[in-house]
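A short worksheet on the structure shown next.
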Amino acid sequence: MRQPLVAGNWKMNGSTDSVNALIEGLRAGIDTVTTAEMAVCPPYVYIPQVAARLAGTPISYGAQDVSDQEAGAYTGEVAPGMLADIGCKYAIVGHSERRSIYGESDEFTASKFAAARKAGLIPILCVGELLEEREQGITEQVVERQLDAVIDLEGIAAFASAVIAYEPVWAIGTGKTATPDQAQDVHAFIRGKLAGLDKAVADGVRILYGGSMNPGNAAELLAMQDIDGGLIGGASLKPDDFLAIGQAANA
Ligand code: 13P
């Protein structure tokens, strides 16, 4: 069985004080989450603080992005080995904000995915269509193209140690959630595509939903057969809301 994963993507939010308060809130309530693995992805600078404050809890942590390079003259970049060195388990790659605001391509995302795995991190590969792509009826082609860039570079076996997050761009930060059926359809498409290449890998890979997931809609999304957790933006900044999403995955 796939253990659900509920991961918080804090994006570019936080301060020393707010991070302490958020982690304190999570520590206080984590016992109410019995089934899902919970993880947080703070801004880079707060990761050591988060790591120290999470010590002794089952909550994992990771980064929101990672360099495609190992080390050297890459001003402003953070190497995957550095993230592994400070105890990160996960690195998000290919978030739609990286793709659309910073112009990161499918191929560049694939190279980050590869670099993360090489350093022992578990990449959380984000895929998803823009509103106009959904309206044009090309959601599956877009998601397939994003997956193929990684499969071409790394092979299907790489997904045995990776997580996929389906995040329809029109649902991110908009309060507009994909319906459980809309999300399930794309999740099933992703798993089916992987199954065509390796059934065992497809059965094992966790596919998270992301896009305005909150305590009010989490249970019905998480009940869908191919939705194995969530990648949570706004609601992950409120400890009670984030924990409530985790609780919605309780067996
Ligand atoms: P929201 O939950 O704020 O819509 O953000 C989703 C997201 O982008 C997670 O990576």
Side-chain angles (χ1 to χ4, degrees), residues 4-14 18 22 26 36-44 46-47 50 59-66 83 88-104 109 112-113 116 121-131 133-134 139 142-143 146-147 150 162-180 182-183 186-187 190 206-222 224 227-249:
L5 171 62
V6 175
N9 173 9
W10 294 358
K11 308 193 180 182
M12 200 170 72
N13 293 293
S18 75
L22 181 39
L26 296 181
E37 175 189 353
M38 303 294 283
V40 293
C41 297
Y44 288 129
Y46 296 119
I47 295 174
V50 164
I59 304 171
S60 319
Y61 56 93
Q64 300 170 16
D65 190 21
V66 65
L83 298 174
C88 286
K89 180 170 179 184
Y90 297 105
I92 297 171
V93 299
H95 191 279
S96 65
E97 288 148 20
R98 303 293 329 163
R99 294 178 188 265
S100 64
I101 303 172
Y102 298 101
E104 299 189 1
T109 298
K112 290 185 173 201
F113 179 104
L121 300 170
I122 297 174
I124 300 177
L125 172 68
C126 297
V127 298
E129 81 287 4
L130 304 168
L131 180 58
E133 292 167 334
R134 174 159 285 265
T139 295
V142 169
V143 168
Q146 293 168 335
L147 288 172
V150 176
V163 173
I164 297 169
Y166 169 58
E167 299 205 315
V169 179
W170 47 272
I172 295 177
T174 57
K176 215 193 242 183
T177 322
T179 66
Q182 278 177 324
V186 180
H187 283 234
I190 293 169
R206 293 184 289 185
I207 308 176
L208 316 183
Y209 169 78
S212 298
M213 201 162 172
N214 61 52
N217 60 29
E220 55 178 7
L221 286 160
L222 294 172
M224 304 309 285
I227 301 183
D228 307 312
L231 186 56
I232 321 299
S236 73
L237 298 171
K238 300 178 195 141
D240 291 347
D241 284 3
F242 189 53
L243 289 166
I245 295 170
Q247 290 157 13

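The structure displayed is predicted, hence computed values, not measured ones. Order of appearance sets the numbers: ligands from 1, and atoms from 1 within every ligand. Below, each value reflects all heavy atoms present in this structure, side chains not excepted, and no hydrogens, waters or symmetry copies.
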Main chain of [Y], side chain of [X]: is a donor-acceptor contact present, judged purely on distance under 3.5 Å?
{"X": "Tyr90", "Y": "Ile92", "result": "no"}
{"X": "Asp228", "Y": "Ile207", "result": "yes"}
{"X": "Asn217", "Y": "Ser212", "result": "yes"}
{"X": "Tyr209", "Y": "Ala178", "result": "yes"}

Just distance, no hydrogens or angles: give the donor-acceptor pairs under 3.5 Å from side chains in residues 238-245, sequence neighbours left out.
none

Report yes if some heavy atom in the side chain of Leu125 is under 4.5 Å from a heavy atom in the side chain of Leu147; otherwise report no. yes
Report each N/O pair between ligand 1 and the protein that falls under 3.5 Å, naming both atoms.
unit_1   : atom_1 : unit_2 : atom_2 : d
ligand 1 : 2 (O)  : Ser212 : N      : 3.4
ligand 1 : 2 (O)  : Gly233 : N      : 2.9
ligand 1 : 3 (O)  : Gly234 : N      : 2.9
ligand 1 : 4 (O)  : Gly173 : N      : 2.6
ligand 1 : 4 (O)  : Ser212 : N      : 2.7
ligand 1 : 5 (O)  : Lys11  : NZ     : 3.3
ligand 1 : 8 (O)  : Lys11  : NZ     : 2.8
ligand 1 : 8 (O)  : His95  : NE2    : 2.8
ligand 1 : 8 (O)  : Glu167 : OE1    : 3.4
ligand 1 : 10 (O) : Asn9   : ND2    : 3.0
ligand 1 : 10 (O) : His95  : NE2    : 2.9
ligand 1 : 10 (O) : Glu167 : OE1    : 3.2
ligand 1 : 10 (O) : Glu167 : OE2    : 2.9

